Amino acid sequence: MGNNRYGTYCVIGVIAAAVCLFVMKVDQIAGGVALIFSAAAPLLLGCVIAYVLNILLKRLEKLYFPRTNRAALIKSRRPVCILLSFVGLFLILVFIVNLVVPELVSSIRLITDEIPPAMEGMRDWAIAHSGEIPVFQDSLKRMDIDWQSVAKKMMDFLVAGAGGIFNSVVFMVSRVFGAAAKVLIGTIFAIYLLSAKERLCGQADKIMRAFLKPETRKKVCYVAETFHETFTSFIVGQCMEAVIIGCLCAVGMAVLRMPYAVMTGAVVGVTALIPVVGAYLGAAVGAFMVFTVNPLQAVFFVVFLVILQQLEGNLIYPRVVGASIGLPGLWVLAAVTIGGSVFGVGGMLLGVPLAAAVYKLLGEMVNKRLKSRT
């Protein structure tokens, strides 16, 4: 009895010491964890790329000579479908960039060209309506400003200010190359993961068989499978919802005869990949584009998009995404709100599938408990 009590006290002491050490060294521990995550960022990015592309890869493999018996075609199925997955993703990105960037650049040029005549118009209007203040009217008439030069200086100032944020061009270039290197490493790692996914799953299962009891292993596999199915359904549903909201925005703008309908619809669709509130991010770009052509229409565009976003957030999104992952619309909105408040954009993206998986597992546990009591 005394030995058991002594052992309990030792365990409590070790736990208390560990907690005190953690509290005292929390800054160093947090720095170490951040360093580990920073070093593993390319690999984590590769895991995300592989997970998303695996959804497309499985569908392509079902279409790539599914009933063939030729060894060459069977052997080439995985590498060819991986290549097609990357090519498809790359073409989508190129299409969106080519659709958005040229129009955005032309709009910036247009608005800089429109500044001088607009300022001259304001000057003429002020002269015409300032007759009651002769001194002010005479000053305006004598005022001779090269608005084209002013606009150019403003743009140069903005560019210089943006450059000053990054301190130097060298720093910007290093950041760009660093990000490109991470993406390249992550892509290579994703290719390895997709090529050997069956072998990796087999190795993980072998480790669980060696260290876990059969019942525990079964529960772990079930939980992992539930999360996997939920995340896969969420990604598919989110992409469907983005296409729907983008098409609705483009069609609505075309019906209302607003400029840049297709481009704005594409931007709104891409930003709508962020649950519920993502389309508002595209609203800023769309409003700016419309403003360069007709400022009054920009106001109507904002009103139109707010109405469309309310329709999307309260009807389309909960039904399309919520139905695909089995989560009621109420909890979809709650997951997005809480996840976004705690973890920002990442919380918005992960909050819904995490909530859906927990909702499903908790529901099954509750039903099992209630059934065992009856």
Side-chain angles (χ1 to χ4, degrees), residues 52-53 55-56 59-60 63 84-107 231-294 296-327 329 332-333 335-336 340 345 348-349 351-353 356:
V52 174
L53 284 182
I55 299 173
L56 180 59
R59 287 161 173 76
L60 289 175
L63 300 175
L84 291 176
S85 300
F86 276 99
V87 169
L89 180 61
F90 177 76
L91 290 178
I92 292 173
L93 294 176
V94 169
F95 172 76
I96 293 173
V97 169
N98 287 335
L99 187 65
V100 174
V101 173
E103 298 291 348
L104 187 60
V105 172
S106 64
S107 296
F231 271 81
T232 300
S233 300
F234 170 76
I235 293 172
V236 174
Q238 191 68 38
C239 291
M240 290 176 56
E241 188 266 346
V243 172
I244 292 172
I245 189 68
C247 292
L248 288 177
C249 180
V251 172
M253 291 182 66
V255 171
L256 297 174
R257 298 185 181 279
M258 294 182 181
Y260 305 114
V262 177
M263 187 280 296
T264 305
V267 172
V268 171
V270 172
T271 55
L273 291 173
I274 301 174
V276 178
V277 298
Y280 285 118
L281 300 178
V285 178
F288 170 75
M289 299 290 290
V290 177
F291 180 83
T292 60
V293 179
N294 190 327
L296 183 60
Q297 277 192 327
V299 177
F300 288 113
F301 168 77
V302 172
V303 174
F304 160 72
L305 198 63
V306 168
I307 296 173
L308 182 62
Q309 177 63 9
Q310 292 299 317
L311 177 68
E312 180 263 349
N314 293 284
L315 294 178
I316 300 174
Y317 185 85
R319 291 180 182 275
V320 175
V321 180
S324 65
I325 59 179
L327 187 65
V332 171
L333 296 175
V336 171
V345 176
M348 292 180 185
L349 291 172
V352 175

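Since this is a predicted model, take the numbers as computed values, not measurements.
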Set of side chain to side chain contact (heavy atoms under 4.5 Å, CB included) partners for I92, sequence neighbours left out: I96

Qualifying residues under side chain to side chain contact (heavy atoms under 4.5 Å, CB included), relative to V303, sequence neighbours excluded: I307

Closest non-hydrogen atom pair between L305 and C249, with its separation: CD1-SG, 4.0 Å

Minimum heavy-atom distance between A261 and A254, given as atom pair plus value: CB-N, 3.9 Å

Distance-minimising heavy-atom pair for F231 and P353: CE2-CG, 3.7 Å

Distance, nearest 0.5 Å, that separates CZ of F304 from CG of L248: 7.5 Å

Considering all heavy atoms, the nearest A287-A298 contact: O-CB, 3.8 Å

Spacing of CD1 belonging to I55 relative to SG belonging to C239, to within rounding of 0.5 Å: 7.5 Å

Close side-chain approach of L256 and F300, heavy atoms under 4.5 Å: no

Side-chain heavy-atom pair M253, V290 within 4.5 angstrom cut-off: yes

Closest non-hydrogen atom pair between R257 and Q297, with its separation: O-NE2, 3.2 Å

Side-chain heavy-atom pair L89, S85 within 4.5 angstrom cut-off: no

Which residues share a side chain to side chain contact (heavy atoms under 4.5 Å, CB included) with V255, sequence neighbours left out: V251

With L84 via side chain to side chain contact (heavy atoms under 4.5 Å, CB included) - residues at least two apart: L60, V80

R59 and V236, any side-chain heavy atoms less than 4.5 Å apart: yes

